Amino acid sequence: MAAIKYELLKKDKNSNARLGKITTPHSVIDTPCFMPVGTQATVKALSKEEVEETGAQIILGNTYHLWLQPGHKLIEKAGGLHKFMNWDKSILTDSGGFQVFSLAKMRDIKEEGVTFKHHKNGSKLFLSPELAIEIENSLGSDIMMSFDECPPYPATHEYMEKSVERTIRWAKRGYEAHKKKDTQGLFGIIQGGIYPDIRKYCCEELTKIDFAGYSIGGVSVGEPKEEQNLALDYSLPYLPLDKPRYLMGVGSPGAILDGVERGIDMFDCVLPTRIARHGTAMTSRGRLILKNACFEEDFTPLDKECDCYCCKYYTKAYLHHLIKADEMLAPRLISIHNIQFLENLMKGIRKAIKEDRFLEFKAAFYEKYGLDNNDKDF
RNA sequence: GCGAAUAUGGUGAAGUGGUUAACACGGUGGAUUGUGGCUCCAUUAUGCUAGGGUUCGACUCCCUAUAUUCGCC
């Protein structure tokens, strides 16, 4: 019996946006959804209750980081990642493929796997499709990612072809190695950059395997917004309707709306929590850099339309002060707000799809947020 | 009152007789996308206490004033 069930509840009449529901062993997830990132078994700065309060139904953990510290065996001993970190809703684990390419220097990619140096102590490490699965099995996440190569941008057609062939072979090996199919769902990752033929080929090959869902990888690596959308246009038509689609690493409001419009169900991104730690908030009227002098005497909440804990009790002037004074409450409050802002955005999106007015919703959001369709992000 | 030392941006300060006054903090603005948790980038003194003088040229040498600090009466 499959661990992950996707139900397509409704498709928007005027776009490819879709309303759905994913059921995992730990929870039901309404889609389209946003998943906060908790790389090292914690959504940075927040407690379980605070994350829950934002409306998040699923969060991410990271294979690479948890493998190195504290070690997947230790987490298994603790009773699995859910128990270890006190999160009883769903968890998705990334395979570590991205980290190997974003963090590690001196990597050596071979058919068997990737040899690279530890990003902190320089020791030699080796990660393969089978090991990534073994780690993810130990962690016990609801949704697992295959170990893939995230090719750089830009990459030549020739390089991309070879890389994707290898990613496909790795995906097959990972699927074979996955021993807990009844409790954990494994996703395949579509690569191919902005080459239509390679994206299509990758979809065709990976859909031959019965993955629980499909991820679009290789985006948010520095490419312009139009190309990110092209990568979706070149992939989504070739993916099955009865499986969830996950756009990896995308979390700016504009890009989320573009993805939903094309038929994406799941998003994750470090953006809301990272910019929060650096003092920037997402609001319905655009982005606010709270350390800016103009907020010194602004005694209003971050966003009048937000119902989060931060907006309920605190003002911009207070947040400005906390940042200036380098107080750790600031990253916490802004992280709570930013995540809830995106969770609320997803709620709005789901409601709009239900009522067949997604495109109007998107246009209104763009207008208010202060960007047009050509803007990269904010 | 006498003697001595020091006077460089918001702060701590480096500095040389010769075109753009080091660096750090702070200030201001920006970045951040499958997270290396206080990061990165840009910008921030047309001026070196004031007034004279020496010199081709002085923030740098000399004189005076002022301020601060220390010591002695």
Side-chain angles (χ1 to χ4, degrees), chain A residues 34-46 58-66 68-69 91-105 116-122 132 136 141 143-151 153 167 187-191 213-225 228 231 246-256 258-259 264 266-282 287-296 320 322-332 334-335 338 342 376-378:
Chain A
F34 177 77
M35 309 181 281
V37 179
T39 304
Q40 308 205 71
T42 165
V43 175
K44 291 188 195 300
L46 304 189
I58 173 171
I59 60 175
L60 258 70
N62 189 277
T63 297
Y64 172 88
H65 291 278
L66 296 174
L68 299 182
Q69 190 178 48
I91 296 178
L92 181 153
T93 44
D94 187 20
S95 64
F98 185 79
Q99 281 61 42
V100 168
F101 295 94
S102 68
L103 298 183
K105 295 180 172 49
F116 55 98
K117 285 188 172 178
H118 191 300
H119 67 274
K120 281 182 181 166
N121 64 25
E136 293 185 272
S141 51
I143 299 176
M144 304 156 51
M145 290 298 122
S146 302
F147 185 70
D148 66 329
E149 178 188 349
C150 185
Y153 174 86
T167 284
F187 277 35
I189 302 179
I190 310 298
Q191 291 288 354
Y214 293 91
S215 307
I216 309 295
V219 298
S220 279
V221 287
E223 77 285 2
K225 177 184 171 170
Q228 185 172 110
Y246 161 31
L247 180 56
M248 306 183 81
V250 166
S252 68
I256 286 177
D258 284 349
I264 293 292
M266 307 160 71
F267 301 85
D268 83 283
C269 196
V270 305
L271 196 64
T273 42
R274 177 177 287 163
I275 66 176
R277 269 177 273 122
H278 296 161
T280 298
M282 296 171 166
R287 211 148 82 137
L288 302 182
I289 300 178
L290 286 155
K291 71 175 176 186
N292 286 4
C294 60
F295 298 116
E296 199 173 10
H320 174 82
L322 291 180
I323 291 165
K324 289 287 188 181
D326 198 25
E327 282 292 342
M328 58 185 161
L329 183 58
R332 284 172 36 67
I334 304 171
S335 290
N338 282 352
L342 288 182
K376 184 183 174 236
D377 277 323
F378 300 96

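Predicted model only: the values in this text are computed from it and were never measured.
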> Taking atom C1' of B:C38 as reference, at what distance in whole Å does atom NZ of A:Lys291 sit?
Replying inline: 11 Å

> Under 5.5 Å between ring centres and under 30° between planes: true for A:His278 and the base of B:C38?
Replying inline: no

>> Checking A:Asp94 against A:Tyr64: is there a side-chain donor and acceptor pair closer than 3.5 Å?
In response: no

> Based on Watson-Crick and G-U pairs with both distances under 3.5 Å, what dot-bracket line describes RNA chain B 5' to 3', crossing pairs as [ ] and inter-strand pairs as |?
Replying inline: ((((((((.[[[..)..(....]]]((((((.......))))))....[[[[[..)....]]]]]))))))).

>> Taking only the P atom of each, what is the distance from B:U6 to B:A13 in whole angstrom?
In response: 15 Å

>> Using the C1' atom as the point on both nucleotides, what is the distance between B:U32 and B:U20, in whole Å?
In response: 33 Å

> Does the A:Arg277 side chain pair with the main chain of A:Pro331, one donor and one acceptor, at a distance under 3.5 Å?
Replying inline: no

> B:G37 C1' sits how many Å from A:Asp326 CG, rounded?
Replying inline: 11 Å

>> What I want to check is whether the side chains of A:Glu149 and A:Thr167 have a donor and an acceptor closer together than 3.5 Å.
In response: no

> If you measure only the distance, is there a donor-acceptor pair under 3.5 Å linking the side chains of A:Asn62 and A:Gln40?
Replying inline: no

>> Measure CD/A:Gln228 against C1'/B:G34 and give the value in whole Å, please.
In response: 12 Å

> How is A:Leu92 classified with respect to the nucleic acid when contacts are heavy atoms under 4.0 Å: base, sugar-phosphate, or nothing?
Replying inline: nothing

> Any N or O donor-acceptor pair linking the side chain of A:Asp148 to the base of B:G34 at under 3.5 Å?
Replying inline: yes

